[in-house]
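Computation of the quantities below employed the complete heavy-atom set of this structure, encompassing side-chain atoms and omitting hydrogens, waters and symmetry-equivalent molecules. The chains referred to below are lettered A, B, ... by the order of the sequence lines, with proteins before strands, and numbering in each begins at 1.
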Number of protein chains: 2
Amino acid sequence: MVRKTKEEAEQTRKEIIHAARRVFHECGVSRSTLEKIAKAAGVTRGAVYWHFQDKAELFFAMREDVFAPMVERTDAYLLSERFDNPLDAIEASITEFFRVLEDSAVVREVFEIMISRCEYVGEFTSVEEEIGRPAYDFLAKIERVYRQAADKGMLRPGIDPMDAARDTWAFTSGLLHLLLSCQRGSDLSQKVSAMISVHMAMRRIPSA
Amino acid sequence: MVRKTKEEAEQTRKEIIHAARRVFHECGVSRSTLEKIAKAAGVTRGAVYWHFQDKAELFFAMREDVFAPMVERTDAYLLSERFDNPLDAIEASITEFFRVLEDSAVVREVFEIMISRCEYVGEFTSVEEEIGRPAYDFLAKIERVYRQAADKGMLRPGIDPMDAARDTWAFTSGLLHLLLSCQRGSDLSQKVSAMISVHMAMRRIPSA
DNA sequence: TTATTTACATACATTCATGAATGTTTATAA
DNA sequence: TTATAAACATTCATGAATGTATGTAAATAA
């Protein structure tokens, strides 16, 4: 049974990507042989080599599926006009990010692979760049939104927008790493939402 | 030339560890063969196997050299009595951590290896634990210090010590990861000190 | 209908890393 | 002084992973 239809071929391609994610997550990228991945997908290495040039290309395909939609979703909140307080947009955006991370096992697996199951050397050095760039983009975006908040007089006086942005930037990055790198993060995940609220509250105008 | 004296043997042991660090940093842990490490140390694999059971043991030896002193140094500030404002102790402790990271290439290399050049699977899963535990210890410690600050009336009213601790915890973790995982962190490293000050300032009593 | 691809499976050659076994020299203890 | 063992170097056997080459059956274009 070979020579499937195009739709069937596309299906096996997706199954290979899914299998790769599972194997990467379990074994780490470098110990994930194409044989293991193929077996997990119910095909042979021949199929894998047909669809992907090598392990690196497979890795990037797996990553692509998850990363871009994530940026899109969080940006939708960040740049939304429906918040009259820009700080609410930032809070909603960050909350949404961690909500997806909590709800989607696929997303969580991919992030865990990229954070603690992949070595950023050789053909994977570019991965670091690909993580780093969205991170810096995020910094630039929230800095703009913090500035809007300041202009509207909704940022606590004495706080510089750029300073607030960098602090939130580090906070978000740290929260992500703490959540994923310690599996004891199970108890942390319950507190994520509250932590974000507390973090944002510190830069809001005191209520009384 | 074999059968060195004990001191000479101890020296080659250290050279193997140093070589391992360089090779781990350049190639990533899984692509670092014992042959490469041995050659970098100017010995053969025989010497490596004499001093260490396998790559994992060598890895842990390398890590040990750097990690424990780091915790000790930062704790010295955290638990010091010479600050009458506990918030100063926290700020000094975090500042010290990043100062060492900036000044010592060895420390930086080891942290970079552990953060982005090692896959936490198999015999290395315990590494995650070993990073996670100090992280949680740090959280517990700063929570106590924040509580002291609150008791002394030196924590900005409305901020819960535990909340402040968790926020600082995430901030510190994020700053570390951002510094090491993006090599564009070169421009970040200049701002570290200021970022810490800003972060702490947000939880101090407003000066006027 | 036939020829040609497509979408794989199978087989093979090669490289490479590991671990163990063994060899060798010299410090050191007795 | 000699026997022992420490501190390596060298050699070997083995397995595992990769990439490529080839085989093959069905889909599709002509």
So does A:Lys4 get a side-chain nitrogen or oxygen closer than 4.0 Å to the phosphate oxygens (OP1/OP2) of C:dC8? yes
Using a 4.0 Å heavy-atom cut-off across all strands, classify A:Thr33 as base, sugar-phosphate, or nothing. sugar-phosphate
From D:dA9, C:dT28, D:dT18, nucleotide with atom closest to B:Thr5 side chain: C:dT28
Within the structure, does a side-chain N or O atom of B:His51 lie under 4.0 Å from either OP1 or OP2 of D:dA7? no
If we count only N and O atoms by modelled type, under 3.5 Å, do the side chains of B:Gln11 and B:Glu7 hold a donor and an acceptor together? no
Report yes if at least one side-chain N or O of A:Thr12 is closer than 4.0 Å to OP1 or OP2 of C:dC8; otherwise report no. yes
Would you mind reading off the distance between A:Lys39 atom NZ and C:dA9 atom C1', rounded to a whole angstrom? 14 Å
What integer distance in Å separates B:Lys6:NZ from C:dA29:P? 7 Å
side-chain N/O A:Tyr49 vs D:dG19 OP1/OP2, d < 4.0 Å: yes
If I take atom CZ in residue B:Arg31 and atom P in nucleotide D:dT18, what distance separates them, rounded to the nearest angstrom? 11 Å
Nearest whole Å is fine: how far is D:dC8 P from B:Glu15 CD? 10 Å
Can you check the A:Glu35 CD to C:dA9 C1' distance for me, whole Å? 12 Å
Give the rounded distance in Å between these two atoms: CH2 of A:Trp50 and C1' of C:dA9. 13 Å
Can you check the A:Glu57 CD to D:dG19 P distance for me, whole Å? 12 Å
Euclidean distance, atom CZ of residue B:Arg45 to atom C1' of D:dC12 [Å, nearest integer]: 11 Å
Measuring only between side-chain heavy atoms, which start at C-beta, is A:Pro161 closer than 4.5 Å to A:Leu155? yes
Is any side-chain heavy atom of B:Phe24 closer than 4.5 Å to a side-chain heavy atom of B:Ile37? yes
Donor-acceptor pair, side chain of A:Ser32 and main chain of A:Gly28, under 3.5 angstrom: yes
Check whether A:Asp88 reaches the backbone of A:Glu91 with its side chain - one donor and one acceptor, N or O, closer than 3.5 Å. no
